[in-house]
Each structure stands twice: as C-alpha cells, then as structure tokens.
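The structure appears right after this line, and notes come after that.
Values reported hereafter were calculated over all heavy atoms of this structure, with side chains retained and with hydrogens, waters and symmetry mates removed. Throughout, residue positions are numbered sequentially from 1 according to the sequence presented.
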Amino acid sequence: MFPEQNNFAVVGNPISHSLSPVIFGKYFENIADKYFYSRILGRSIEDISRLITAFDIKGMNVTAPFKKEILSLVSEKSAEVNLTEASNTIIVQEKNIKAYNTDIDGVIGALNPFSQNIKSVLILGAGGAARSAIIALQNMNIQDINIWNRTPEKAKQVAAQFNINHTETTSKDYSLIINTTPIIPNVIDIESLNKNTYILDADYNNAPFKTILETHNFNYIDGRDWVKAQGKRAYSLMTNVVNEDFNIDENAIVKKKFKNIAMLGMMGTGKSTIGKNLAEKLNWEYIDTDRLIEAKEGITIKEIFDKYGEEHFRKLESDVLQSIFSKEKQVISTGGGIILNNENISMLKENCWNILLYGSPVNLAERTSTRNRPLLEGKEKESEFQKIFDFRKNAYFRTADVLLSSDADTYINIADFIYDDFNKSFKF
C-alpha cells in the first residue's frame with residue numbers, strides 16, 4: 001500500500017524547533033514522492049541507533065547535544081570531522097555509516113555576502129560549532145581569529161590546535177562576532193559594540209543577539225542562513241545531486257502552526273498514558289479516538305472488528321478524527337492504524353503536531369495483552385508486531401513531525417521529556 005521511500009531526519013534534544021524539515025522539504029520538492037524528512041527527539045545514542053534501523057533512515061543531520069556522541073556509530077569520518085571532532089551529517093549505506101561536517105559549508109555560505117567586510121573575528125564558545133566556524137574562516141583566508149570560552153583552558157586548547165588567538169577579554173573592536181553559545185555571555189558589552197559589527201548567532205532557535213536588534217544597531221546574520229547553506233551540502237550527500245539551484249522563499253521557513261497534538265504509533269507504545277500526562281502538563285483536553293468510537297457505537301473495538309470488519313472500523317475512525325478538529329488544545333491518542341488512510345494523514349498533518357512513539361516489536365510483545373486486540377488474536381505476538389510495523393512504518397514516518405523511542409524508560413518520564421522539548425522549542 002505504501003511505496004518505498006527514502007527517510008531522512010534531524011536529531012537533537014531539544015528538536016521540535018528545528019526548521020530542517022521545512023528547508024529540506026523545499027530542497028526535496030522535485031523528488032517529494034520518494035524523499036521524506038522528519039525530526040528525532042534523542043535521549044541516547046542507543047535510542048538513535050534503534051530508530052535509524054527501525055525506519056531504515058538513509059541519513060541524518062545532527063545537532064546538539066549529539067554532534068560528538070554520534071561518532072560512536074560511524075565507520076568512516078571525513079577529513080573535516082577529524083579536524084572538528086564533531087559531525088552534523090551522517091549518511092547510512094547498508095551497515096556503513098559515514099560522518100561529515102557540513103557546518104563548515106554553512107558558515108561560509110552565511111558569511112560569503114559580507115566577506116569583504118570581515119577582517120577580525122571573535123568566536124564565542126569552543127565546541128563543535130566553534131571549530132567548524134574556525135575552519136570556515138581559515139578557508140576564507142581570514143587571519144585574525146580569536147576565541148573566547150567561559151572555560152579558558154578549553155578555548156586555549158582549541159586556539160593551539162588551529163593556530164588562532166585565545167582571549168579572555170572582548171574589548172577589541174571586531175568586525176564579526178560568531179556566537180555558538182545559547183546566551184550572550186556577560187563578557188560582551190552590548191552598549192560598546194560598533195554599529196558596523198556583524199553578528200552571527202549559530203543557535204537560530206534562541207537567537208540571543210537577535211532579541212536585542214530593536215534597541216541596538218549592528219549587522220545581524222540570521223542563523224537560518226547557516227542552516228540553509230549547510231543543508232545544500234547535506235542535500236548533495238543525501239541525493240548525489242550536486243550544484244542544484246535552490247531558491248527558498250524566506251517567508252516559507254517558519255515553524256509549523258498547529259492547534260492540537262496527536263500521539264501516533266503501534267499499540268503498546270504508551271500513546272494513552274503518555275498522552276494523558278502530556279495533556280495534564282499542558283492543561284489541554286485529552287482525547288482517545290478509540291474510546292470515542294466505542295462510546296459512539298456502544299460496543300468495543302473488538303466487537304466492531306468481529307461484527308463489521310476492519311474496513312468498517314477504519315471508516316468510523318476517519319469520521320471521529322474529522323469531528324474532533326473543530327476544537328483546539330487537545331492531546332489526541334490515536335489508533336495504531338489511523339495512518340492507513342491518506343485522508344487521515346492529511347488531516348493529522350494539517351491540524352496537529354504529530355508525535356510518533358516507537359516501540360521495538362520484542363518490547364511491544366512483552367507489554368501487550370492480546371485481550372481486546374483484534375489484530376493480534378490467535379497470532380505469535382512478536383512476529384505479528386514486526387509484520388504490522390513493517391507495513392506501516394513509511395506512513396508513520398511521513399506523518400510524524402517528531403519521532404522518539406518509548407522503550408527503556410517509564411511513560412511518565414517520556415511525557416516529561418516531550419514536555420521539556422516543547423517548552424524549549426515553542427516556549428510553552
């Protein structure tokens with residue numbers, strides 16, 4: 001029913017703020033029926049590896065805090081990765097995973113329009129993004145590069161590695177400041193900044209310097225320009241298409257607006273428990289589509305399957321889904337097969353932030369009873385879970401706004417984890 005597709009994602013924590021799916025959606029427009037891009041909310045490298053395998057993910061962009069940790073999964077590193085000790089892009093070819101660092105391309109792309117005005121640079125921070133910025137600046141033949149970090153020893157190590165200057169003061173008048181930290185360090189005197197100074201925030205979600213643009217005059221470079229430029233290089237690695245011309249309307253690169261949250265996934269992944277807890281934390285209404293169907297029909301889901309068959313149930317499911325979207329601020333727990341209908345997928349994508357919970361077939365078999373589970377009745381559970389998941393996984397992936405594993409932790413903790421991501425991504 002669902003054709004083969006190439007799945008890609010961006011992974012991080014937090015991650016729901018990421019505009020990468022929007023940007024890559026634009027890059028993939030000519031091949032959108034075969035290429036899909038989503039987000040992974042990562043808790044551990046083990047979880048990330050599990051999701052790569054389960055959804056046959058062909059490549060990923062990697063963001064904080066996993067740029068260094070991701071290297072434990074790779075079998076081959078590019079020269080840039082060896083220099084920066086971090087990767088923001090991995091490509092999966094069967095069992096071989098190769099790591100790249102396209103952040104260097106991102107920095108060059110963001111700075112190119114202003115390169116003639118850049119003479120001296122201050123880099124705030126000393127992590128992977130800072131290292132990428134240094135290499136980019138050196139590739140642009142900029143000589144006066146200075147690095148500051150709240151831990152001076154770390155900045156000194158990076159300065160020695162790349163033969164640049166370490167500074168513990170920012171009193172010098174720099175033509176460019178690259179901020180790779182989530183805040184404006186108190187070492188920066190905003191009032192004394194030269195109005196001709198260029199400032200680039202690597203973190204476009206928090207964008208510390210952007211928040212003060214209205215009251216201070218300087219030349220701001222949006223971190224989204226960095227993301228777009230690195231994305232072009234990542235796109236060529238993912239598709240083997242080189243030098244394609246991209247023209248993206250800036251107004252289209254915005255966070256998705258949504259009225260409700262939908263919990264998607266197989267039976268037994270914790271949609272109901274996690275959904276209820278998330279609704280309580282958000283002070284939103286909790287809805288369970290299966291319970292609504294049972295209330296409307298006056299019989300259980302199993303009885304509906306037994307008396308009328310799965311096709312009739314799917315029709316009821318679509319009707320109920322459509323009926324609840326007249327309201328807002330609902331956390332909706334859906335049936336595992338709700339994505340079997342393309343109209344349902346369209347309704348979910350239009351009205352909801354869709355959270356896909358993944359559970360491995362072995363764990364689902366252990367925690368799920370066959371009672372009132374018509375699709376499992378009379379079958380070996382683990383193999384049946386695998387069969388059902390394999391059939392649905394591409395539809396799950398193309399519907400999801402964010403994926404995470406519900407294995408190896410309590411559902412209460414997972415609800416907390418999702419809520420924390422929401423707070424950081426959407427400022428709930």
So do [Y] and [X] actually touch side chain to side chain, heavy atoms under 4.5 Å?
{"X": "M266", "Y": "Y358", "answer": "no"}
{"X": "L124", "Y": "I178", "answer": "no"}
{"X": "L176", "Y": "I199", "answer": "no"}

Could you tell me which non-hydrogen atom of I134 sits nearest to which non-hydrogen atom of I147, and how far apart they are?
-> CD1-CD1, 4.2 Å
Specify the closest pair of heavy atoms between I48 and G42, including all atoms of both residues, with the distance to one decimal.
-> CG1-CA, 4.3 Å
Check this for me, if you would: do [X] and [Y] make a salt bridge, where the nitrogen-to-carboxylate-oxygen distance has to be below 4.0 angstrom?
{"X": "D409", "Y": "R43", "result": "yes"}
{"X": "D144", "Y": "K119", "result": "no"}
{"X": "K329", "Y": "E285", "result": "no"}

Quick one: do the N413 and T410 side chains pair a donor with an acceptor below 3.5 Å?
-> yes
Donor on one side chain, acceptor on other, N205 and K255, under 3.5 Å | yes
Between F8 and Y37, does the ring centroid distance fall short of 6.0 Å?
-> no
F426 and F258 aromatic ring geometry - parallel, tilted or perpendicular at 30°/60° bounds | perpendicular
Parallel, tilted or perpendicular: ring planes of F55 versus F389, cut at 30 and 60 degrees = perpendicular
Output, in order, the C-alpha distance, side-chain angles, deciding distance and verdict of side-chain contact (heavy atoms from CB on, under 4.5 Å) for V92 and I57.
-> CA-CA 7 Å; V92 183; I57 293 173; 5.7 Å; no
What's the verdict on ring-ring contact (aromatic ring centres under 6.0 Å, His included) for Y198 and Y174, showing C-alpha distance, side-chain angles and the deciding distance?
-> CA-CA 9 Å; Y198 288 86; Y174 297 98; over 10 Å; no
